Asks: 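Take this structure, written in structure tokens, and hold onto it; I'll ask about it next.
If you're wondering where the values come from, they're calculated on a predicted model, not measured in any experiment. Residue numbers begin at 1 in each chain, while the letters A, B, ... track the order of the sequences.
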Amino acid sequence: MASVFTETIYTLARKIPKGKVATYGQLAVLAGSPGAARAVGSAMRCNPDIPRTPCHRVVASDGSLTGYSAGQGISTKRKMLIDEGVSFKGSKVNLKLSQWKEGLGES
DNA sequence: ATTTTGACTTAAG
DNA sequence: GCTTAAGCCAAAA
């Protein structure tokens, strides 16, 4: 572990509902440090628990699947997202339909 | 404590 | 549309 910031990133990642994805920048804001998108990715790289921290639900601001060295890498990550019901736009995630919105649903 | 790197993001060419 | 450059934040060396 590195710090509470990293821990917050993992917590937020777990809060992402199935079939939805969040961007690094979004998690950074939710973590309390907007602009720390890089730090978020760095923290994810140190991801200690894959099933506990669905880093595959975290994508770039453009919906592009970056990083991820597990399995077949991007291919596996994309497959997992599709399996969860995430809408895809070619090789990228259709953020317009599947980007997670924290707490969206209240009137 | 300082320097380097990195799963990012936005702007410009 | 794709590539290159600069900016930002945090962790690791």
Side-chain angles (χ1 to χ4, degrees):
Chain A
M1 168 174 173
S3 67
V4 295
F5 181 80
T6 322
E7 186 180 333
T8 305
I9 299 303
Y10 300 139
T11 305
L12 292 169
R14 289 200 310 271
K15 289 170 61 178
I16 302 174
K18 183 178 136 193
K20 295 268 180 159
V21 293
T23 65
Y24 294 98
Q26 186 174 356
L27 291 179
V29 174
L30 296 175
S33 298
R38 298 185 80 159
V40 173
S42 298
M44 284 303 200
R45 174 183 179 270
C46 207
N47 177 3
D49 295 289
I50 296 296
R52 176 172 156 181
T53 307
C55 44
H56 60 268
R57 287 184 190 159
V58 185
V59 299
S61 61
D62 195 41
S64 309
L65 279 56
T66 49
Y68 209 76
S69 305
Q72 296 302 307
I74 306 303
S75 305
T76 301
K77 184 170 178 178
R78 176 177 36 176
K79 188 176 183 298
M80 261 192 300
L81 292 171
I82 294 173
D83 183 68
E84 297 206 348
V86 175
S87 182
F88 262 74
K89 174 77 62 171
S91 317
K92 297 180 182 173
V93 179
N94 191 348
L95 299 176
K96 189 178 174 75
L97 300 175
S98 300
Q99 181 172 34
W100 173 49
K101 287 161 184 173
E102 46 137 8
L104 183 67
E106 79 281 3
S107 353

Asks: Give the residues of residues 29-42 of chain A touching DNA chain B, defined as any heavy atom closer than 4.0 Å, sorted by residue number.
Replies: Ala37(A), Arg38(A), Ala39(A), Gly41(A), Ser42(A)
Asks: List, with names and distances, any nitrogen or oxygen atoms from the protein found under 3.5 Å away from nitrogen or oxygen atoms belonging to nucleotides 10-13 of chain B.
Replies:
unit_1: dT10(B); atom_1: OP2; unit_2: Ser61(A); atom_2: OG; d: 3.4

Asks: Which value, rounded to the nearest 0.5 Å, describes the distance between Ile74(A) atom CD1 and Leu81(A) atom CG?
Replies: 10.0 Å
Asks: Could you list all the salt bridge (Lys or Arg N to Asp or Glu O under 4.0 Å) pairs where at least one residue sits in residues 65-80 of chain A, not counting sequence neighbours?
Replies: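 Residue pairs with at least one partner in residues 65-80 of chain A: there are none.
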Asks: With a 4.5 Å limit on heavy-atom distance, are the side chains of Leu27(A) and Met44(A) in contact?
Replies: yes
Asks: With a non-hydrogen cut-off below 4.0 angstrom, is Tyr24(A) in contact with a base, only sugar-phosphate, or nothing?
Replies: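 Base, at least one base atom sits under 4.0 Å.
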Asks: Round to the nearest Å and state the distance from Glu7(A) atom CD to dA10(C) atom P.
Replies: 16 Å
Asks: Between P on dA10(C) and OH on Tyr10(A), what's the gap in Å once rounded to a whole number?
Replies: 15 Å
Asks: Measure from CG on Leu27(A) to C1' on dG6(B) and round the result to the nearest Å.
Replies: 16 Å
Asks: Compare the minimum distances between each of dA10(C), dA7(B), dT9(B) and the side chain of Thr23(A), then state the nucleotide with the smallest one.
Replies: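 Of all the options, the side chain of Thr23(A) is nearest to dT9(B).
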Asks: Is the shortest side-chain N/O distance from Thr6(A) to OP1 or OP2 of dA10(C) below 4.0 Å?
Replies: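 For Thr6(A), the contact criterion (side-chain N or O under 4.0 Å from OP1 or OP2 of dA10(C)) is not met.
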Asks: What residues, two or more places apart in sequence or in another chain, satisfy side-chain contact (heavy atoms from CB on, under 4.5 Å) together with Pro17(A)?
Replies: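 Once residues adjacent in sequence are excluded, the partners of Pro17(A) under the side-chain contact (heavy atoms from CB on, under 4.5 Å) criterion are Lys20(A), Trp100(A).
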Asks: Output all residues satisfying side-chain contact (heavy atoms from CB on, under 4.5 Å) with Ser87(A), sequence neighbours left out; order by chain, then residue number.
Replies: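 Result, side-chain contact (heavy atoms from CB on, under 4.5 Å) vs Ser87(A): Asn94(A), Leu97(A), Ser98(A).
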Asks: Taking both distances under 3.5 Å as the test for a Watson-Crick or G-U pair, what stems of at least three pairs does DNA chain C have?
Replies: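 Detected stem regions: B:2-6 with C:9-13, B:8-13 with C:2-7.
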Asks: Listed by chain and number, what are the side-chain contact (heavy atoms from CB on, under 4.5 Å) partners of Ser61(A), not counting sequence neighbours?
Replies: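 Checked Ser61(A) against side-chain contact (heavy atoms from CB on, under 4.5 Å); zero matches.
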Asks: Starting at CG of Leu12(A) and ending at P of dC8(B), how long is that distance when rounded to a whole Å?
Replies: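 Rounding to the nearest Å, CG of Leu12(A) and P of dC8(B) are 18 Å apart.
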Asks: Take atom CG of Asp62(A) and atom P of dC2(C), then tell me their distance rounded to the nearest Å.
Replies: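 That distance rounds to 10 Å.
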Asks: Nearest whole Å is fine: how far is dT9(B) P from Met44(A) CE?
Replies: 12 Å
Asks: Going from NE2 on His56(A) to OG1 on Thr76(A), what distance comes out if it is rounded to the nearest 0.5 angstrom?
Replies: 11.5 Å
Asks: Taking only residues two or more places apart in sequence or in another chain, which ones pass side-chain contact (heavy atoms from CB on, under 4.5 Å) with Ala39(A)?
Replies: Phe5(A), Ala36(A)
Asks: Using atom types as modelled and distance alone, determine if a side-chain donor or acceptor of Ser64(A) lies under 3.5 Å from a backbone N or O of Ala60(A).
Replies: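 No; zero donor-acceptor contacts below 3.5 Å.
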Asks: Side chains of Met80(A) and Arg57(A), heavy atoms from C-beta outward: is any pair under 4.5 Å?
Replies: no
Asks: Is it the case that the base of dA7(B) and the side chain of Tyr68(A) share a donor-acceptor contact (distance under 3.5 Å, atom types as modelled)?
Replies: no
Asks: Report the distance from atom CZ of Arg78(A) to atom C1' of dA7(B), rounded to the nearest whole Å.
Replies: 17 Å
Asks: Hey, could you give me each pair passing salt bridge (Lys or Arg N to Asp or Glu O under 4.0 Å) that has a residue in residues 85-107 of chain A? Not counting sequence neighbours.
Replies: Asp62(A)-Lys92(A)
